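Sequential numbering from 1 along the given sequence is applied to the chain's residues. Bear in mind that the values here come from a model prediction, so they are computed numbers and not experimental data.
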Amino acid sequence: MGQTKNSLYPLFWQHGEKEEELREEIGKMQEGGIGGFIVESRPHPDYLSYGWWRDLEVILSEAERRQMEVWIFDDGAYPSGLGGGKVKALYPEACKRYIAKRQIDAQGPLPGSGIPICT
């Protein structure tokens, strides 16, 4: 009762290592009693491109084979949600847009009256 599978989820930093190194590192984590980890994407040199997806496939398959839990950081930098700059570069039309409204309330000589002037 009160036991969890894992109480420590270390960051598994990605730098574009070879497949054997990724699998070996996951094995060492498990041997150390770690049942899961967080894939840290920020330092990966090929984030969201071919190398990233290749490495992630290796990591996920090895973790699944070892029945380890995997969490993945959602972006290449802080703040998250920027898609590693890929959305802005490839799909600028999908970027956030802002609408600004400025209003001045002009008070007239009649008590309690006014006209909103929008610019």
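- Remark: Ser49 pairs with Asp46, Lys86 by the side-chain contact (heavy atoms from CB on, under 4.5 Å) rule, at least two apart or across chains.
- A 4.5 Å side-chain heavy-atom check between Trp13 and His44 finds every atom pair outside the cut-off.
- Closest non-hydrogen pair, Asp55 versus Gly16, comes out as OD2-CA, 3.5 Å.
- Under the 4.5 Å side-chain criterion, counting only non-hydrogen atoms from C-beta, Glu62 is not in contact with Leu22.
- Scanning all heavy atoms of the two residues, the minimum distance from Ala63 to Val70 falls at CB-CG2, 3.3 Å.
- For the pair Gln14 (side chain) and Phe12 (backbone), a donor-acceptor distance under 3.5 Å is present.
- Contact record, Trp53 with Leu48: NE1-O, 3.4 Å, taken as the closest heavy-atom pair.
- Under the 4.5 Å side-chain criterion, counting only non-hydrogen atoms from C-beta, Leu11 is not in contact with Val39.
- To the nearest 0.5 angstrom, Glu17 atom CD is 8.0 Å from Ile59 atom CD1.
- In this structure, Glu69 CD and Glu64 CD are separated by 13.5 Å, a value rounded to the nearest 0.5 Å.
- Minimum interatomic distance between Arg23 and Arg66 (heavy atoms only, all atoms of both residues): O-NH2, 4.4 Å.
- Rounding to the nearest 0.5 Å places CE of Met68 at 9.5 Å from OH of Tyr9.
- The pair Lys28-Glu31 does not count as a salt bridge, with every side-chain nitrogen at least 4.0 angstrom from each carboxylate oxygen.
- What you find for Pro10 and Met29 is that their closest heavy atoms are CG-SD, 3.9 Å.
- Here Ser41 contributes atom OG and Phe73 contributes atom CZ; the two are 7.5 Å apart, rounded to the nearest 0.5 Å.
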*With salt bridge (Lys or Arg N to Asp or Glu O under 4.0 Å) as the test, would you mind laying out the steps for Arg42 and Glu40 before giving the verdict?*
CA-CA 6 Å; Arg42 291 180 284 187; Glu40 169 59 89; 2.6 Å; yes
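- Under the side chain to side chain donor-acceptor pair (under 3.5 Å) criterion, Arg54 pairs with no residue, sequence neighbours left out.
- With rounding to the nearest 0.5 angstrom, the CZ atom of Arg65 is 14.0 Å from the CG atom of Leu60.
- Taking CZ from Phe37 and CH2 from Trp71, the interatomic distance works out to 13.0 Å, rounded to the nearest 0.5 Å.
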